[in-house]
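Encoded as structure tokens, the structure appears first; notes follow it.
For ligands, and for the atoms within them, numbers begin at 1 and follow the listed sequence.
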Amino acid sequence: MSSSDYSGIAEHSGPLHSFLEYSTSLIFPVLFVLNLQWAGSRLYEQDLLWLIVLAIPLGVLGGDLVSGVVHWAADTYCSVDTPVVGPSLVKPFRMHHVYPRDICTHNLVETVGNVCILAFPLLSGCLYLLWLIPDSGLLAFVVICVALTSAATVATNQFHKWAHQERVSTFARWLQRTRLVLEPRHHKLHHTEPFNMHYCITNGWLNPLLNKVNFFRRLEATLAFVGIETAKAKEKKRMLRRVSNSS
Ligand SMILES: [Zn+2]
Ligand SMILES: [Zn+2]
């Protein structure tokens with residue numbers, strides 16, 4: 001381990017952000033259980049409880065996909081100065097590439113709090129829909145998938161943190177060895193040149209498939225086609241303009 005893996009800077013959230021991180025981290029498990037319990041009992045009433053067997057892998061894969069897409073977007077688009085997403089999303093991911101072990105200095109709430117803030121309206125909305133549409137087995141199944149996906153996404157940064165820690169608990173190491181969570185050597189591939197693959201960081205199950213089909217490069221080409229350019233493409237254009245203006 002190199003000491004340069006740490007910035008040595010202790011970053012603190014503002015009071016409002018900190019309040020939201022702590023309060024939603026406490027509320028998240030309650031909302032998660034309420035969604036599972038309510039939707040699960042509805043599936044049971046309709047003899048559809050077996051669908052949970054399908055919902056578990058879908059939820060885990062959903063979490064891995066969300067982690068990959070959010071991570072790719074933060075690595076590839078906007079800048080640390082972009083309003084709202086710049087300081088809250090882009091900066092932590094960009095800083096992580098420079099100081100990969102800063103994440104190991106975060107406590108549990110600092111690690112999972114940001115995702116809990118986003119999961120709060122989502123899981124509240126699911127409860128509202130269950131109340132609004134009381135007879136739908138399909139809705140109950142979708143709600144269980146969404147709840148499991150959000151739990152996997154909330155846990156992602158903890159798994160990511162474990163992947164960078166020098167020492168983890170025996171249980172965490174077992175989870176890593178069995179590939180149920182992100183394995184450190186697998187994640188190291190993202191921190192290795194060309195730094196543009198292996199974005200999924202829940203357990204990384206989707207990385208081989210997404211790499212094989214060139215998923216993120218195709219997505220970038222599609223977005224460029226509708227005028228949304230990567231930060232690198234914008235920077236390149238700026239440089240070319242500067243060179244042509246000075247000549
Ligand atoms: Zn990254
Ligand atoms: Zn990392």
Side-chain angles (χ1 to χ4, degrees), residues 1-11 60 63-82 84-115 118 152-169 172-173 175-177 179-221 223 228-235:
M1 181 206 64
S2 154
S3 60
S4 63
D5 288 346
Y6 295 97
S7 67
I9 302 164
E11 293 242 17
V60 175
D64 205 34
L65 182 63
V66 170
S67 77
V69 170
V70 172
H71 182 178
W72 158 81
D75 277 8
T76 313
Y77 292 93
C78 304
S79 79
V80 293
D81 302 317
T82 306
V84 187
V85 293
S88 61
L89 186 70
V90 176
K91 191 179 171 192
F93 275 108
R94 305 275 166 98
M95 287 295 285
H96 176 66
H97 292 157
V98 186
Y99 302 111
R101 283 208 161 118
D102 270 9
I103 192 174
C104 306
T105 65
H106 299 166
N107 68 29
L108 181 64
V109 171
E110 288 165 346
T111 304
V112 304
N114 263 341
V115 187
L118 297 175
T153 312
V154 163
T156 290
N157 267 341
Q158 183 61 43
F159 301 158
H160 185 198
K161 178 180 166 180
W162 284 344
H164 284 283
Q165 276 180 323
E166 285 173 90
R167 269 185 296 276
V168 292
S169 68
R173 188 69 200 116
L175 288 173
Q176 289 174 334
R177 281 211 188 99
R179 302 284 174 124
L180 287 170
V181 305
L182 188 63
E183 208 276 329
R185 274 170 307 174
H186 177 83
H187 181 52
K188 204 161 191 267
L189 296 170
H190 177 70
H191 288 272
T192 308
E193 281 194 89
F195 307 107
N196 64 359
M197 284 190 282
H198 299 89
Y199 290 102
C200 299
I201 50 175
T202 306
N203 46 34
W205 291 354
L206 286 174
N207 283 328
L209 174 68
L210 297 183
N211 290 341
K212 198 171 169 58
V213 300
N214 221 2
F215 178 76
F216 291 109
R217 299 299 83 77
R218 284 169 192 254
L219 205 50
E220 284 163 19
L223 291 175
I228 302 170
E229 290 180 322
T230 66
K232 269 188 189 159
K234 279 186 179 172
E235 182 58 28

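Atom NE2 is the N/O/S atom of H187 found closest to the Zn ion (ligand 2). Taking the Zn ion (ligand 1) as reference, the nearest N/O/S atom within H190 carries the name NE2. The N, O or S atom of H191 lying closest to the Zn ion (ligand 2) is NE2.
The angle subtended at the Zn ion (ligand 2) by NE2 of H164 and NE2 of H160 is 100°, given to the nearest 10°. Between the NE2 atom of H71 and the OD2 atom of D75, the angle taken at the Zn ion (ligand 1) works out to 100° after rounding to 10°.
A distance of 10.0 Å separates CG in D75 from CZ in F216, rounded to the nearest 0.5 Å. Going from atom CG of N207 over to atom CE of M197 covers 10.0 Å, rounded to the nearest 0.5 Å.
Within the coordination shell of the Zn ion (ligand 1), defined by N, O or S atoms under 2.8 Å, H96 is absent.
Salt bridge status for E235 with K232: absent, with no side-chain N to carboxylate O gap under 4.0 Å.
Side-chain contact of H186 with H198: a donor-acceptor pair under 3.5 Å is absent, judged by distance alone.
Ring-plane geometry between H187 and H190 is classed as parallel, the angle between the planes falling under 30 degrees on a 0 to 90 degree scale with a further cut at 60.
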